[in-house]
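Worksheet: one structure, shown below.
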Amino acid sequence: MKIFKSKRSTNAHPARNRKIFGIWMIGVTLLILGGFVLRFSFVATVGEVDSNNLAKQRQKQYQTDTVLQAKRGAILDKTGNVIAEDSNTYTIFAILDKQSKDSNNKPDYVVDKAKTAKILSRYLAMSEAKILARLTPGKNMYQVEFGTPGTKLSLAIKKQIDAEKLPGIHFRETPSRLYPNGVFASHVIGLAQAQGKSTSLTGVMGLEKQFNTVLAGTNGYRRSQTDAYGYKLPNAKTNLKTPVNGGTVYTTLDSGLQAYLETLMTDVQNKYEPKGMTAVLMSAKTGQILAATQRPTFDASTGEGLGDMWRDSLVEDNYEPGSVMKIVTLAAAIQSGKYHPNDYYQSGSIKLDGGTVNDWRTGGWGSIPLSKAFPLSSNVGMVKIEQAMGAGIWKQYLDKFRFGQKTGITLPGETSGHISFERPLDQAITSFGQGIEVNVMQMLQAISAVSNGGKMLKPQIVSKVISQNGKTKVYKPEVVGQPISKETAAQVIDAMRHVVNDEDGTGVAYKMPGVDLAVKTGTGQIASPQGGYLTGDSNYTFSVAGVAPASDPQYVLYLAMKQPQKMTEPAESILASIFKPMMQRALDTTANGAVTDDTNTATIPTVTNAALTTAQDSLKQDNFDVATVGTGNKVVQQLPTSGTKALHGSRVLLLTNGAMTMPDLTGWSKSDVLKFVQLTGKKFKLVGDGFVTQQSIAAGTLLGDTSGTIKFKQQ
């Protein structure tokens, strides 16, 4: 009976249980509903959700912002010729979605695929069949691109394709940088590239990086209210912020001298394969760098070679300068009154605390006067001169010549170098350029004290900068010290004359008929990763520094070559094949008055969209040479662009609205050919340097999707 009674009590009052559960459910529902009401009331009153203002969020939702891209400023040579300027490239794509309509409710998709493929094959480096295959993809493909041939198209190509009025064909614009000269002080000028998802260009090397803030400009925007479909609302206001274009950087480079130096360096690089080379031509009286380059280098217009070397060797690499340092040692000894040229010493070798110093010539030259130490480049003689000064005085002059300090040249990443000066052996070997690490600009700065009458000049690569707001900052020659007197400088110059003129001088290979030349050669050892120095005939940094004319210095030319792999000739002969023609060209330029004569330049007028005959007449009146690309009667693009300063007689390229045909390139410079390549968007293999001698595509031939070869030769 108890068990029966227990079961009955457990199941009793089911109606009451349902009532309790119902009350509980109603209570929970009311609580949830109350929460919603309170939350809704809060949102309605305050207008915020999770700290986000709803009104502002709604405004954003139906607001369209269009970025107005600022134009990146140009980098120019000393006379205004373009070295780097802003440009745009275009990527073509096709819409295949048959539901797509334009603003006029007309089809905005590829209607006739065969016709579209046929027309596009005239402008893209792609066959008609391959284009048609792209336009006929698998299912669920509503938009297609055309691979590499459809990217980096020029504005001229875009305009010509647009003129065909092909439904469904569109372009995506990408900011780019035009470097019309190819290999041209590439590490000095640097590169500007898009970073990440940004469409703006950022300087990542050289002057592009150093002056990125000046060159970049400030983007603007166009802001308008739109409906949910993106159409502008009636009577809606449009807010406009005009972009501010970037400023302009004028370098001290001379385009003619720079191009010639590049040609000479390339010849040596190809023949002797050094692991590294640097070359700088500097104005002796201003410190302005007129030409500067290095190897390895890269073609800034194509990026070829960039993967091999990102460092600017002129400022970012330290090296032991070797015997060129003896210029500074001799200058310090003369200035301090510790130079005794008529004292004799035993050449060959000298023992010091910590080691032995040897002359480059085994056994030396016997007992010789100190006056012969410099032209013979005797290490032992330099040690004797350093000992006569004493370590204290010698270190004072190293400081006066600002070794161990950055020059402050307007290039990023400059190193300060290093001086080992703890032991007597360390102190002694710095006298002939070992145990001291420098960069190229530090050596040029020190040599300028000799070439400029004792006043040391800061190396200068920029002449002026025009900022975004139009303000101009002029970089004037800057004297950074006077470590020696005018009289001392003259004596050092005279000693450098003996290096090249004496029969036993180390610089006889650099002798130039009719040129009053002062020279010092150098052979610097290269530190081994295992300690000590590398051995072998080619494991050195060979260098030469020259001043001309010695009687009234105008130019300093400093070359250095590291470890030539095919050393089939003496190092002096190899370097002389650059030094002599380069110095002669510089001296000839001065004689012709072409370096600073602004009367030889003119500003290129705007002729884009003008009739071809009108454009040709306008340019010829300003003494420009005109080259026409295409068979049309209207100009659709020009290079160089309007407003650019250029030398009289320089070539201006005009692209017309007709069929694109191959011009006769015979005699064109490589710079002009690179402009032609940029203008047409076609691919060519460029062989050699100098001026065009051969072209594989005959003049007048329609430029299709075939690539050609253009050969150059130095005149």
I'd like to know if the side chain of T252 reaches the main chain of Q288, judged simply by a donor and an acceptor atom lying under 3.5 Å from each other, with no hydrogens or angles considered.
no

Which is it for F624 and Q616 under the side-chain contact (heavy atoms from CB on, under 4.5 Å) test, yes or no, and what are the steps along the way?
CA-CA 9 Å; F624 291 116; Q616 290 172 330; over 6 Å; no

Atom CG of L253 and atom OG of S463: how far apart are they, to the nearest 0.5 Å?
9.5 Å

Taking the side chain as everything from C-beta on, heavy atoms only, tell me whether L457 gets closer than 4.5 Å to Q460.
no

H187 side chain near S313 side chain, heavy-atom distance below 4.5 Å:
no

Main-chain N/O of K580 paired with Q584 side-chain donor or acceptor, under 3.5 Å:
no

Begin from the C-alpha positions of T608 and V636 and carry the test side-chain contact (heavy atoms from CB on, under 4.5 Å) through to its verdict.
CA-CA 5 Å; T608 302; V636 296; 5.8 Å; no

Is there a donor-acceptor contact under 3.5 Å from the side chain of T297 to the main chain of T293?
no

Under 3.5 Å, side chain of Q294 to main-chain N/O of R311, donor-acceptor pair present?
yes

Salt bridge (Lys or Arg N to Asp or Glu O under 4.0 Å) contacts touching residues 550-575 (sequence neighbours left out)
E273-K566, K285-D552

Within the 4.5 Å heavy-atom criterion, are W310 and V204 side-chain neighbours or not?
yes

Is the W668 ring parallel, tilted or perpendicular to the F676 ring (thresholds 30°, 60°)?
perpendicular

Quick one: salt bridge (Lys or Arg N to Asp or Glu O under 4.0 Å) pairs with a partner in residues 292-303, sequence neighbours left out?
E262-R295

CD/Q193: more than 12 non-hydrogen atoms of other groups inside 6.0 Å:
yes

Taking the side chain as every heavy atom from C-beta outward, state whether M512 and M583 have any atom pair closer than 4.5 Å.
yes

Taking the side chain from T521 and the backbone from G507, do they hold a donor-acceptor pair closer than 3.5 Å?
no

Go through the steps for K713 and Q694 under the test side-chain contact (heavy atoms from CB on, under 4.5 Å), then give the verdict.
CA-CA 9 Å; K713 188 175 182 181; Q694 294 180 34; over 6 Å; no

Is any side-chain heavy atom of Q638 less than 4.5 Å from a side-chain heavy atom of L653?
no

Got a donor-acceptor contact below 3.5 angstrom from the D516 side chain to the S551 backbone?
yes

Side-chain contact, heavy-atom cut-off 4.5 Å: S577 with V268?
yes

Check this for me, if you would: do K158 and D162 make a salt bridge, where the nitrogen-to-carboxylate-oxygen distance has to be below 4.0 angstrom?
yes

Might you confirm whether atom NZ of K152 has over 12 heavy atoms from other residues, nucleotides or ligands at distances under 6.0 Å?
no

Are M561 and T541 packed together at the side-chain level, in the sense that at least one heavy-atom pair is separated by less than 4.5 angstrom?
no

Are any side-chain N or O atoms of S618 and backbone N or O atoms of A615, one a donor and one an acceptor, separated by less than 3.5 Å?
no

Does a side-chain N-to-carboxylate-O contact under 4.0 Å join E145 and R134?
no

May I ask you to say whether E85 pairs ionically with R72, meaning some side-chain N is under 4.0 Å from a carboxylate O?
no

Mind jotting down which residue pairs meet the salt bridge (Lys or Arg N to Asp or Glu O under 4.0 Å) criterion with at least one end in residues 646-660? Sequence neighbours excluded, please.
D625-R651, R651-D672

Begin with the C-alpha distance, continue with both residues' side-chain angles, and end with the deciding distance and a verdict on side chain to side chain donor-acceptor pair (under 3.5 Å) for D77 and S255.
CA-CA 6 Å; D77 78 352; S255 287; 2.6 Å; yes

Y123 and E164 side chains, donor-acceptor separation under 3.5 Å:
yes

Output, in order, the C-alpha distance, side-chain angles, deciding distance and verdict of side-chain contact (heavy atoms from CB on, under 4.5 Å) for V652 and I604.
CA-CA 8 Å; V652 178; I604 295 175; 4.1 Å; yes

Should T410 and F211 count as side-chain neighbours, where that means a heavy-atom distance under 4.5 Å?
yes

